[in-house]
Amino acid sequence: MKKRIIILGSIVLAVIVLWSAAWLVGANLIRQNIEAQAQADGVTEPRLTCGGLGVSGFPFRYDVDCETAEIAMGDIVLDVPGVRASIRVYAPTHLLASALGPLQLTDSFTGTRNSVAWSALEASVRINDWRIARASISGKDLVWSDTLMGETLIAQSPLAEVHLFDIPEQHDPERGVAALAGYALADNVSHPGITLSNTRAEVQLEATGLPDDVRNWGDPQILPFIQQAGGALKIVSIHATDADSVLDANGALKLDPQGMLDGAIAIKSTGVAERVGTLLAEPWRTLVFGNAAADGSYSNQLIFRAGGVFSGLVPIASTPPLF
């Protein structure tokens, strides 16, 4: 009996030692990969630098804490007081993350400095067979301010969230393509600059022709891949309202063989053209929103074709090729 107990104890001890060693190896790999991001060029891929980096959570989680995180991409630099990401060892394809605020955004090209504060900012990403099964980010008590000269409120909302969902029936493993549905909500938005208050905005999108392996999303040839797969961005619905205004939009955009945007977006509104009068002068306001009908509503269609943007038949802008 005593011998059996010794054997059992030895097995348990061996399992603990092996598990601990495996966890330490995993923690070291995570640390090395994050530290390697500090060597990125910040142009072709973002450069992430952590003022302090810690990996904890033994034995069943990996909790990664990045203090005073700086993310640089081109002329834009984001400074975040702290970011935490967690993965459970028994569910390695499900990532949970949160961040401390406020975020500071600096654009050295335009010279702008913005701040975004929140009481809670959380994200969740779940991968299935290297496809996004679901990805969500939610923020509470968001306050966006211009901090270049003092602090000027731009907009605020007590709740904003974005969700992505896999569309299983549109997955084609033979062609290696997948599709995602997107939903975004901003509730009770206030924007003093255009006198918005108590505004609710909802956006529903569908993106098709995406690579079905998220590891390929960083490929420089991803846009030609989407074009050749017949992918498109479908704007199922954009619906925004406040006490005096309504905005609705829908449409679809894709890429032609030259990498130009091709498609159309229909816009219907009431009270919006008058609201943005100070920001969008004539004739641009009419070219975007259209002419007023007898009931005070506006409707228009923006057409994207061969590198041009048209309001009906009138060319109003040009767009560069995306690849």
Side-chain angles (χ1 to χ4, degrees), residues 46 85-87 91-99 118 120-140 142 157-189 199-219 221-241 246-256 259-269 301-304 319 322-323:
S86 297
I87 295 177
T93 61
H94 188 190
L95 171 71
L96 300 173
S98 61
W118 54 78
L121 184 65
E122 299 176 337
S124 172
V125 179
R126 183 164 53 86
I127 304 295
N128 183 21
D129 293 332
W130 292 110
R131 300 202 322 274
I132 290 180
R134 176 169 179 166
S136 301
I137 183 169
S138 175
K140 295 181 179 179
L142 295 158
S157 171
L159 175 65
E161 54 189 52
V162 178
H163 305 277
L164 293 175
F165 308 91
D166 181 41
I167 307 177
E169 58 271 22
Q170 295 195 38
H171 178 219
D172 187 341
E174 292 185 1
R175 297 170 59 219
V177 297
L180 288 171
Y183 174 78
L185 166 70
D187 196 23
N188 198 18
V189 178
T199 300
R200 180 182 176 88
E202 293 182 271
V203 179
Q204 298 180 57
L205 305 172
E206 286 186 7
T208 61
L210 301 172
D212 65 353
D213 189 328
V214 296
R215 294 172 294 182
N216 295 328
W217 284 18
D219 190 326
Q221 296 301 308
I222 184 172
L223 291 180
F225 175 91
I226 293 173
Q227 189 276 325
Q228 293 169 16
L233 176 64
K234 181 180 180 182
I235 303 170
V236 179
S237 172
I238 297 176
H239 181 66
T241 62
V246 178
L247 173 68
D248 287 290
N250 62 78
L253 296 172
K254 61 181 181 179
L255 294 170
D256 67 17
M260 303 288 190
L261 289 174
D262 186 271
I265 299 175
I267 303 173
K268 295 182 179 180
S269 64
Q301 186 178 54
L302 298 178
I303 299 171
F304 298 77
T319 59
L322 298 183
F323 61 79

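- Pairs of residues two or more places apart, or lying in two chains, that qualify as side chain to side chain donor-acceptor pair (under 3.5 Å) and include a residue from residues 175-185 are Tyr183-Glu202.
- Side-chain atoms of Thr93 come within 3.5 Å of backbone atoms of Ile127 as a donor-acceptor pair (strictly under, hydrogens ignored).
- In this structure, the separation between NZ on Lys254 and CG on Leu233 is 13.0 Å, given to the nearest 0.5 Å.
- Contact annotation: the side chain of Asn188 never approaches that of Leu159 to less than 4.5 Å [non-hydrogen atoms, C-beta and beyond].
- In summary, the side chains of Ser136 and Arg134 do present a donor paired with an acceptor at a separation below 3.5 Å, with no hydrogens or angles considered.
- When all heavy atoms are compared, the tightest approach of Ser124 to Leu96 is OG-CD2, 3.7 Å.
- Closest non-hydrogen pair, Leu253 versus Phe304, comes out as CD2-CD1, 3.5 Å.
- Scanning both residues, Ala229 and Val177, for their nearest heavy atoms gives CB-CG1, 3.7 Å.
- What you find for Ser269 and Leu247 is that their closest heavy atoms are CB-CD1, 3.9 Å.
- Scanning all heavy atoms of the two residues, the minimum distance from Asp166 to Ala179 falls at OD1-O, 3.3 Å.
- Remark: side-chain polar atoms of Ser157 are paired, donor with acceptor, to backbone N or O of Asp187 under 3.5 angstrom.
- With hydrogens and angles disregarded, a donor-acceptor distance shorter than 3.5 Å links the side chain of Trp118 to the backbone of Ala99.
- The line from CG of Asn250 to CD1 of Ile238 is 8.5 Å long, rounded to the nearest 0.5 Å.
- The side-chain hydrogen bond (donor to acceptor under 3.5 Å, both in side chains) test applied to Asp262 returns no partner, not counting sequence neighbours.
- Scanning all heavy atoms of the two residues, the minimum distance from Ile235 to Leu205 falls at CA-CD2, 3.8 Å.
- Put simply, CD1 on Ile303 and CG on Leu261 are 13.5 Å apart, with the number rounded to the nearest 0.5 Å.
- Summarising the local packing, CD of Glu174 is surrounded by 12 or fewer heavy atoms from other residues, nucleotides or ligands at distances under 6.0 Å.
- Ser98 contributes no side-chain N or O that, together with a main-chain N or O of Glu122, makes up a donor-acceptor pair within less than 3.5 Å.
- Side-chain contact check for Ile226 versus Phe323: every heavy-atom pair is 4.5 Å or farther apart.
- Between the side chain of Asp129 and the main chain of Arg131, no donor-acceptor pair closer than 3.5 Å is present.
- Note that NE2 of His163 is 12.0 Å distant from CD of Gln204, once rounded to the nearest 0.5 Å.
- The distance from the CG atom of Leu210 to the CD1 atom of Ile222 is 7.0 Å, given to the nearest 0.5 Å.
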- Task: Output, in order, the C-alpha distance, side-chain angles, deciding distance and verdict of side-chain contact (heavy atoms from CB on, under 4.5 Å) for Leu255 and Leu322.
- Result: CA-CA 8 Å; Leu255 294 170; Leu322 298 183; 3.6 Å; yes
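- Side-chain atoms of Asp212 and His171 form a donor-acceptor pair, as typed in the model, at a separation below 3.5 Å.
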